[in-house]
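Below you'll find the structure I mean.
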There are 2 protein chains.
Amino acid sequence: MTSAIPSNVESLVAELQKLPGIGRKSAERMTLALLARPKEEVAALSAALTKLQSTIRYCRECFGLTEAVLCAICRDPGRDHALLCVVEDPLDLIAIEKTGAYRGVYHVLGGVLSPIDGVGPHDLKLKELLSRVRNQKNHFRELILATNPTPEGETTVTFIREELKGATLTMTRLAYGLPAGADIEYADERTLTQSLEGRRVVREAKTKLPSRS
Amino acid sequence: MTSAIPSNVESLVAELQKLPGIGRKSAERMTLALLARPKEEVAALSAALTKLQSTIRYCRECFGLTEAVLCAICRDPGRDHALLCVVEDPLDLIAIEKTGAYRGVYHVLGGVLSPIDGVGPHDLKLKELLSRVRNQKNHFRELILATNPTPEGETTVTFIREELKGATLTMTRLAYGLPAGADIEYADERTLTQSLEGRRVVREAKTKLPSRS
């Protein structure tokens, strides 16, 4: 059969397909779109790719992404360095930063414990977290365990709690419940259970109901 | 606020977001995945991008993708050069080639007529199609109008039919009906109507039913 796809098109399609969430069809569509783009735009993408790995590294302190030894957050004296938020990966850090609601620092684990996938404590930055917390110079007041609400996330939280049993700092988890804009009718049972368990008082009872006599 | 995203990460995310079907989150996820890849793999992607536009052009005859003046299909003497399939874009050509069921040649329009989007006959390779068909040297026997089953696809077919009213060649369209593996229960009304209208005889009646007397 005649090959309908020139080899240089095929090789780009093949490379794009290696990206997460990109199937054959998406890779073909992306390639065709790139072909139609101005030369400078494709050159910009190619250059951004080349620069990525040569300039980006993991922060020595928190393992977030940075172009320096320490990331911008760890270097910032305006942040609360006694408040430490533990996340799975840099995307979680970015998501939390975007809220603007957090002023502490981070620790990026680089994943979660998952015995099934063969991910153990040594595959993550757990040792680094423990020695960071245990280091008296750091004076952490609170540790927010912000792993995803998945079985692996829970396992990782249990591991950290166990290891830091002796530590005096407060450990917290993110609130679980209904996401903003959700419809109770369509919420899954676990979410609804968690939102019931975590319910908050809106108004305290002013007077007690008369007791039955 | 401290910027959580190093500028070289941000610029790759921004470039990836320009690709069709890629949102902010997907671009972030892709960037993070690329960071974790071996250097050679990212270099291969970057190289494939650079090569794409410098080596790929549109075939002079059919406007499919090629690395030469004429594409591999147009150059192939083993193909049926009297059978011409008109498609919207190179991805449709690739899809038809993959079936292995077509041995003719193609004409890639580069889109469809869409007055709403301001796409007129001059924005497509329609003039080239008409002169290709009218050229006596080409001896086309059949023209398969393989645009998508959309209003724009239909408009384009109508335009071509009108323009080639005087031509002697056969014009056909792809069959419309139920896709393979479909469930009649869930088929939309238009598809079901088209599959009823286009129904095929499986067995001819052998004897006529006795007429009512």
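Numbers restart at 1 for each chain; the letters A, B, ... are given by sequence-line order, proteins then strands.
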**Q.** CZ/B:Arg60: more than 12 non-hydrogen atoms of other groups inside 6.0 Å
**A.** no
Q. Can you check whether A:Leu91's main-chain N or O pairs, donor with acceptor, with B:Arg29's side chain at less than 3.5 Å?
A. no
**Q.** Residues from residues 47-55 of chain A approaching chain B under 4.5 Å (heavy atoms)
**A.** A:Ala48, A:Leu49, A:Thr50, A:Lys51, A:Leu52, A:Gln53, A:Thr55
Q) For the atom pair CD (B:Glu28) and CD1 (A:Ile94), what is the distance rounded to the nearest 0.5 Å? A) 5.0 Å
(Q) Which heavy atom of B:Glu15 sits nearest to which heavy atom of A:Leu45, and what is that distance? (A) CB-CD1, 3.7 Å
Q: Quick one: which of A:Val13, A:Asp89, A:Leu65, A:Ile96 has the most heavy-atom pairs under 4.5 Å with chain B, could you say?
A: A:Leu65
Q.
If I measure from the heavy atoms of chain B, does A:Ala44 come under 4.5 Å with its side chain, its backbone, both, or neither?
A. both
Q: Look at atom CZ of A:Arg161 and say whether more than 12 heavy atoms of other residues, nucleotides or ligands are closer to it than 6.0 Å.
A: no
Q: Measure distances from A:Ile22 to the heavy atoms of chain B and classify the residue's part below 4.5 Å as side chain, backbone, both or neither.
A: side chain
Q.
Around atom CD1 of B:Ile184, are there more than 12 heavy atoms from other residues, nucleotides or ligands closer than 6.0 Å?
A. no
(Q) With a 4.5 angstrom heavy-atom cut-off, is it the side chain or the backbone of A:Arg37 that approaches chain B, or both, or neither? (A) both
Q | Largest heavy-atom contact set with chain A, pairs under 4.5 Å, which of B:Thr31, B:Ile56, B:Leu93 | A | B:Ile56
(Q) Return the CG to NZ distance between B:Leu34 and A:Lys18, rounded to the nearest 0.5 Å. (A) 11.0 Å
Q.
If I measure from the heavy atoms of chain B, does A:Arg24 come under 4.5 Å with its side chain, its backbone, both, or neither?
A. side chain
**Q.** Toward chain B, the part of A:Lys25 with a non-hydrogen atom under 4.5 Å
**A.** side chain
